[in-house]
Amino acid sequence: MTTVFSNSSVDDDARRELLFRGEVFVYTATAASRELVAFARELVAEAFGTLDPRTAQHELPVEAFAALLAELKPRFIHHPECARLLPEVMRSMGMDQEKTYFDVPRLRTSTSDHYLDSGISYAYHAHRDCWYAAPFCQVNWWIPVYDVVPENVFALHPQYFDRPVANGSGRYDYAVWTSVDRPQAALHVHSDTREQPKPEEELDLHAQIRVVPEPGGIMLFSGAQLHSTVPNTSGTTRFSIDFRTVHLDDVTARNGAPNVDATCRGTTLRDFRRGADLGGMPEELALQYEKEALAKAG
């Protein structure tokens, strides 16, 4: 059974332990998360001009829409304002900035009725982030930029949290993904041929949890949770922000959710920066994780 905690008062240490057991946390918007969302809206408005970004898909050829996102999304990811705001969001959630590390925030889109499901606006099949070389102590953050509805969010499938799923993670190498596949995202408009870990057995995805936070509301869940993009039938494009955090003590002690089925190579640890000063993850830890992943993959 998975429990969704709303505005819980537990501290970050207790919260992470519950997340590693498959629980989910949801919080109303904080001043910091509202500021992050407001900044995202500014960049989105600049990109789309006079068009409403939520309905622009009905007015633009898909190639033009994809081209807008290809410029907008990297701008958001690498903007110095995001590097300033994310630690503030983490601080508002009671996290130790000296030991908590975060990766870059991604501006995600989910268009309606299969308008653009690949490449720069990829509609994710059911997956665990840990199939993509994420550490098992990873905490996923999800924040809507505009109002969302059940028909355009994403789904958790917690019945598979501690149940192995046959998957293609054994063919995934994070170093290859970052150097070859990820930079080609904008080229995949009508289909996506990049190798990505997917389930290789039939799953029951009808049993699911959909959470609908307010704009700026925060959802936290383990990177080991199986989750998928909901087929968007809302008629509008969903914009959201996601990023991930790890706590140094968990990374060092190998504390985290159970690994029930991931056999990928590499590690995403080098993508994380310390909240206090944007310092990188200690290289020796990344090397240790790479070595362990290689041994597990065989």
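- Annotation for Glu201: atom CD counts as buried by contact number, over 12 foreign heavy atoms lying within 6.0 Å.
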*Could you walk me through whether Val260 and Phe161 pass side-chain contact (heavy atoms from CB on, under 4.5 Å), step by step?*
CA-CA 8 Å; Val260 295; Phe161 182 74; over 6 Å; no

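- Between Cys82 and Val104 there is no side-chain heavy-atom pair separated by less than 4.5 Å.
- Contacts of Pro144 classified as side-chain contact (heavy atoms from CB on, under 4.5 Å), with partners at least two apart in sequence or in another chain: Trp142, Val148, Pro213.
- Judged by distance alone, the side chain of Gln225 and the main-chain N or O of Ser222 form no donor-acceptor pair under 3.5 Å.
- Remark: Arg16 engages Asp12 in a salt bridge, criterion side-chain N to carboxylate O under 4.0 Å.
- Side-chain N or O atoms of Asp113 include none that pairs as donor or acceptor with a backbone N or O of Tyr115 at under 3.5 Å.
- Pairs engaging residues 85-97 under the salt bridge (charged side-chain N to carboxylate O under 4.0 Å, His left out) rule: Glu88-Arg91 [sequence neighbours left out].
- Within the structure, salt bridge (charged side-chain N to carboxylate O under 4.0 Å, His left out) contacts touching residues 164-177 (residues at least two apart or in different chains) are Arg171-Glu195, Arg171-Glu200.
- The side chain to side chain donor-acceptor pair (under 3.5 Å) check on Glu284 picks up nothing, with sequence neighbours excluded.
- In this structure a side-chain-to-backbone donor-acceptor pair under 3.5 Å is missing from Asp242 to Asn140.
- Panel note: side chain Arg41, backbone Val145; a donor-acceptor pair is recorded below 3.5 Å.
- Cluster annotation: Leu116 is connected to Leu68 through the hydrophobic network of ILVMFWY side chains, with a link wherever side-chain heavy atoms come within less than 4.5 Å.
- Considering CG of Asp250 and OG1 of Thr245, their distance stands at 9.5 Å, rounded to 0.5 Å.
- The heavy-atom pair separating Asn232 from Ser110 by the smallest distance is ND2-O, 2.8 Å.
- A continuous path of hydrophobic side-chain contacts links Leu18 to Ile218 [ILVMFWY only; heavy atoms under 4.5 Å].
- At a threshold of 4.5 Å between non-hydrogen side-chain atoms, the residues His114 and Asp117 count as touching.
- Of the possible donor and acceptor atoms, one in the side chain of Ser92 sits under 3.5 Å from a partner among the backbone N and O of Val89.
- With rounding to the nearest 0.5 angstrom, the CG atom of Leu19 is 6.0 Å from the CG atom of Leu220.
- Listed by first and then second residue, the salt bridge (charged side-chain N to carboxylate O under 4.0 Å, His left out) pairs involving residues 134-158 amount to none (not counting sequence neighbours).
- Atom CG of residue Leu278 and atom CZ of residue Arg84 lie 12.0 Å apart, to the nearest 0.5 angstrom.
- Taking OG of Ser240 as the reference point, atom CE of Met219 lies at 11.5 Å (rounded to 0.5 Å).
- Both Leu72 and Leu85 belong to a common hydrophobic cluster when Ile, Leu, Val, Met, Phe, Trp and Tyr are linked at side-chain heavy-atom distances under 4.5 angstrom.
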*Show the numbers, then the answer: is there a side-chain contact (heavy atoms from CB on, under 4.5 Å) between Ile209 and Val24?*
CA-CA 10 Å; Ile209 295 174; Val24 177; 5.6 Å; no

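- Between Glu290 and Arg265 no salt bridge is recorded (no basic side-chain N to carboxylate O distance below 4.0 Å).
- A salt bridge links Glu283 with Arg270: the distance from a Lys NZ or Arg NE/NH1/NH2 to an Asp or Glu carboxylate oxygen falls below 4.0 Å.
- A centroid separation of less than 6.0 Å is found between the aromatic rings of Phe48 and Phe65.
- Leu69 CG to Arg108 CZ: the interatomic distance, rounded to the nearest 0.5 Å, is 12.0 Å.
- Residues Thr2 and Leu156 form no side-chain contact, since every pair of their non-hydrogen atoms from C-beta on lies 4.5 Å or further apart.
- Taking 4.0 Å as the cut-off between side-chain N and carboxylate O, Asp261 and Arg128 count as a salt-bridged pair.
- Taking CG of Asp103 as the reference point, atom CD1 of Ile77 lies at 9.5 Å (rounded to 0.5 Å).
- Residues Arg244 and Arg106 meet the side-chain proximity criterion, which asks for heavy atoms closer than 4.5 Å.
- Ile241 and Met93 fall within the same hydrophobic cluster, where Ile, Leu, Val, Met, Phe, Trp and Tyr residues are linked whenever their side-chain heavy atoms come under 4.5 Å apart, directly or through other members.
- Pairs engaging residues 75-107 under the ring pair (Phe, Tyr, Trp, His ring centres under 6.0 Å) rule: Phe39-His79 [sequence neighbours left out].
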*From CA spacing to verdict: side-chain contact (heavy atoms from CB on, under 4.5 Å), Phe154, Gln208*: CA-CA 10 Å; Phe154 71 96; Gln208 59 181 240; over 6 Å; no

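- Every residue meeting the side-chain contact (heavy atoms from CB on, under 4.5 Å) condition with Thr236, not counting sequence neighbours, appears here in chain and number order: Arg54, Thr55, Asn152, Ser234.
- Within the structure, salt bridge (charged side-chain N to carboxylate O under 4.0 Å, His left out) contacts touching residues 207-231 (residues at least two apart or in different chains) do not occur.
- At least one donor-acceptor pair closer than 3.5 Å links the side chain of Thr178 to the backbone N or O of Ala175.
- Under the side-chain contact (heavy atoms from CB on, under 4.5 Å) criterion, Thr252 pairs with Leu248, Leu285, sequence neighbours left out.
- Side chains of His127 and His227: a donor-acceptor N/O pair is present below 3.5 angstrom, by distance only.
- Among residues two or more places apart in sequence or in another chain, the side-chain contact (heavy atoms from CB on, under 4.5 Å) test is passed with Ala134 by Asp129, Gln138, Thr268.
- Side-chain heavy-atom separations under 4.5 angstrom define the hydrophobic clusters, and Phe136 shares its cluster with no other residue.
- Between Tyr172 and Tyr174, the ring planes lie tilted relative to each other; the angle falls in the 30° to 60° range.
- Without hydrogens or angle criteria, Thr237 side chain to Thr111 main chain gives no donor-acceptor distance under 3.5 Å.
- A continuous path of ILVMFWY side-chain contacts below 4.5 Å connects Leu51 to Leu43, so both sit in one hydrophobic cluster.
- At a threshold of 4.5 Å between non-hydrogen side-chain atoms, the residues Asn255 and Asp249 do not count as touching.
- For Ser169, the side chain to side chain donor-acceptor pair (under 3.5 Å) criterion is met by Asn167, Thr263, not counting sequence neighbours.
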*Go through the steps for Leu203 and Leu226 under the test side-chain contact (heavy atoms from CB on, under 4.5 Å), then give the verdict.*
CA-CA 11 Å; Leu203 302 178; Leu226 194 76; 4.0 Å; yes

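- Only one option out of Phe243, Phe25, Tyr27 pairs with Trp141 in a ring pair (Phe, Tyr, Trp, His ring centres under 6.0 Å); it is Phe243.
- Gln196 has its side chain within reach of His125: a pair of non-hydrogen atoms, C-beta onward, lies under 4.5 Å apart.
- Here the side chains of Met95 and His247 are not in contact, with every heavy-atom distance at 4.5 Å or above.
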